[in-house]
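Following: one structure in structure tokens, then a few remarks.
A quick note: this is a predicted structure, and the numbers were derived from the prediction, not measured.
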Amino acid sequence: MDVAAALARCTTTAERYRVQIEAENHLTPAELEALHAAAPDLPDTSREWVEKLAALCRRIRQPTQPFRRRALTPHISFHEGAAPAGAPRILVVAFTGVAQRMMLPLAPFLQSLPAERCDVVVLRDPYRHAFLGGVPGYAADLPALAERLAADLPMARYADMCCIGVSSGGTAALAFGPWLGARLALSLGGMHPSGMGLRAAGSQIDRFAFDRLRAAAPPAATRLVCAHGEDFPRDAVRNRLLAMTVPGSEVLVLRGVGLHGAVAGLFQRNALARFMEEILLDGALPEGGVWQP
């Protein structure tokens, strides 16, 4: 989508908001940088939105991380980083929440990850069923998703793999990690599907499929981590209850973080990039189960 042209064609506030939301869910940092360069020619309201979005990325780290986007399906995007040929890389698989994002627009989320170290797959569940039905049009469940991704991605290049999920995507990350053979599966602000208010799920969704998928997963040395912001009590309760249902999992408390899903709270503390590198990519979990921004 040519976002600048789409914004220029908008005649109502509702149209502009629709374009902006779609752009926030799909623009990479480099694509946002190009849009920012075109911002002087946009209407004032659109220019202000672009400026704010670009400022989020600049606040996380500089320079712009050069991820290249490739759509596997309308609901799965592969973001390839930049590194010398043959350099060992990490595959990050990210499960979004009900807003179809990682608690931030895509560009700042990707900006928190070093493109020279990793490639990133971002998965969206348009039915908002916590990925219990896989990804529509691509895989019917999480084991099938692992098989399809293994066929569609250059898996031989990865020396390591990890999963991260936010909110309703948290349990999907925990269940999927062992099927993928990931080193780490990290849930941020997740809860068991049995307690989720899944939209229009009805009786066709088996909320305990998560437990069976986890129990049936092939043996793997995946470290399962349920994390929450220290200052968001609802996440704290749900997160600890989730950890109790997942054998072998551990709880990680993020000190001074007070927003659901933790990602935006880590951004507010100017700690998102450090968290992603220390915890997700390096697996340097602190003794005592408390991480200090």
Side-chain angles (χ1 to χ4, degrees), residues 3 20-36 49-50 52-72 75-82 89-125 131 135 161-170 172-173 176 184-190 225 227-229 235 254 257 259-282 293:
V3 178
Q20 290 177 183
I21 290 170
E22 180 72 8
E24 287 182 0
N25 286 346
H26 291 91
L27 286 178
T28 66
E31 290 168 336
L32 175 59
E33 185 176 53
L35 179 61
H36 185 250
W49 165 74
V50 174
K52 290 179 181 178
L53 196 54
L56 294 182
C57 288
R58 291 194 300 269
R59 179 172 166 177
I60 291 170
R61 77 163 81 225
Q62 294 191 50
T64 297
Q65 297 302 293
F67 287 101
R68 299 182 299 274
R69 173 169 52 86
R70 174 163 64 92
L72 301 182
H75 313 303
I76 304 177
S77 54
F78 175 59
H79 305 273
E80 188 174 14
R89 301 186 60 73
I90 300 172
L91 177 65
V92 176
V93 181
F95 292 84
T96 58
V98 296
Q100 311 296 289
R101 59 177 66 186
M102 298 297 290
M103 313 306 286
L104 283 176
L106 179 63
F109 172 72
L110 289 176
Q111 187 71 3
S112 73
L113 292 161
E116 72 274 9
R117 294 189 62 191
C118 62
D119 298 340
V120 186
V121 177
V122 179
L123 303 108
R124 302 173 182 85
D125 179 5
F131 296 94
V135 178
M161 294 178 288
C162 55
C163 302
I164 180 173
V166 296
S167 190
S168 63
F176 184 72
L184 173 71
L186 174 65
S187 167
L188 289 168
V225 179
H228 68 269
D235 273 7
L254 311 181
V257 174
L259 292 176
H260 172 53
V263 171
L266 288 164
F267 168 79
Q268 287 184 340
R269 298 292 305 274
N270 295 315
L272 181 57
R274 182 166 68 87
F275 175 84
M276 290 297 182
E277 295 199 47
E278 288 184 7
I279 302 300
L280 186 64
L281 300 185
D282 295 337

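Heavy atoms only, all atoms of each residue included: Ile60 and Pro108 are closest at CD1-O, 3.2 Å. Across all non-hydrogen atoms, the minimal contact from Ala227 to Leu186 is CB-CD1, 3.9 Å. Closest non-hydrogen pair, Ala173 versus Gly165, comes out as CB-N, 3.5 Å. Residues Pro293 and Arg274 approach most closely at C-NH2, 2.7 Å, considering heavy atoms. Residues Pro29 and Ala107 come closest through the heavy atom pair CG-O, 3.4 Å.
A donor-acceptor distance shorter than 3.5 angstrom exists from the side chain of Arg89 to the backbone of Glu116, with no hydrogens or angles considered. Judged purely by atom type and a 3.5 angstrom limit, Asn270 has no side-chain atom pairing as donor or acceptor with the backbone of Arg59. Checked by atom type and distance alone, the side chain of Arg70 never pairs as donor or acceptor with a backbone atom of Phe78 at under 3.5 Å. Checked by atom type and distance alone, the side chain of Asp235 never pairs as donor or acceptor with a backbone atom of Gly229 at under 3.5 Å. Put simply, the side chain of Gln65 gets close to the backbone of Ala115: a donor and an acceptor are under 3.5 Å apart. Judged by distance alone, with hydrogens and angles left aside, the side-chain atoms of Gln100 form a donor-acceptor pair with the main-chain N or O of Asp125 at under 3.5 Å. Side chain of Glu277 to backbone of Pro114: no donor-acceptor contact under 3.5 angstrom is found.
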Checklist line | Full working for side-chain hydrogen bond (donor to acceptor under 3.5 Å, both in side chains) between Thr28 and His79 | finding: CA-CA 8 Å; Thr28 66; His79 305 273; over 6 Å; no
Margin query: Applying side-chain contact (heavy atoms from CB on, under 4.5 Å) to Cys118 and Leu91, what does each step give before you reach the verdict?
Written below: CA-CA 6 Å; Cys118 62; Leu91 177 65; over 6 Å; no
Check: Under the side-chain contact (heavy atoms from CB on, under 4.5 Å) criterion, do Phe131 and Thr96 qualify, and how do the steps go?
Finding: CA-CA 9 Å; Phe131 296 94; Thr96 58; 4.2 Å; yes
Check: Please walk me through it: do Val92 and Leu280 pass side-chain contact (heavy atoms from CB on, under 4.5 Å)?
Finding: CA-CA 9 Å; Val92 176; Leu280 186 64; 3.9 Å; yes
Next item on the list: Run the numbers on His260 and Met103 for side-chain contact (heavy atoms from CB on, under 4.5 Å), then give the verdict.
Entry: CA-CA 8 Å; His260 172 53; Met103 313 306 286; 3.7 Å; yes
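Remark: Ile164 CD1 to Leu184 CG distance equals 8.5 Å, nearest 0.5 Å. Between the NE2 atom in His36 and the OG1 atom in Thr64 there is a gap of 10.0 Å [rounded to 0.5 Å]. Interatomic distance, Phe267 CZ to Phe275 CZ, rounded to the nearest 0.5 Å: 16.0 Å. One distance of note links CG of Leu106 with CG of Leu53; it measures 10.0 Å at 0.5 Å rounding. The line from CD1 of Ile279 to SG of Cys162 is 11.5 Å long, rounded to the nearest 0.5 Å. Considering CZ of Phe67 and CG of Leu113, their distance stands at 5.5 Å, rounded to 0.5 Å.
Side-chain contact between Phe109 and Val166: absent, with no pair of heavy atoms (C-beta onward) separated by less than 4.5 Å. Side chains of Ser77 and Arg124 form a contact here, defined as non-hydrogen atoms less than 4.5 Å apart. Using a 4.5 Å heavy-atom cutoff, the side chains of Leu27 and Val3 are in contact. Put simply, the side chain of Leu35 reaches to within 4.5 Å of the side chain of Trp49, judged on heavy atoms. Counting heavy atoms from C-beta outward, Leu188 and Leu254 have side chains that approach closer than 4.5 Å. A 4.5 Å side-chain heavy-atom check between Val120 and Leu110 finds at least one atom pair inside the cut-off. Put simply, the side chain of Asn25 does not reach to within 4.5 Å of the side chain of Pro105, judged on heavy atoms.
Salt-bridge check for Glu24 with Arg101: passed, with a basic side-chain N closer than 4.0 Å to an acidic carboxylate O. Ion pairing between Arg69 and Glu80 fails under the 4.0 Å rule for side-chain N and carboxylate O. Taking 4.0 Å as the cut-off between side-chain N and carboxylate O, Arg68 and Asp119 do not count as a salt-bridged pair.
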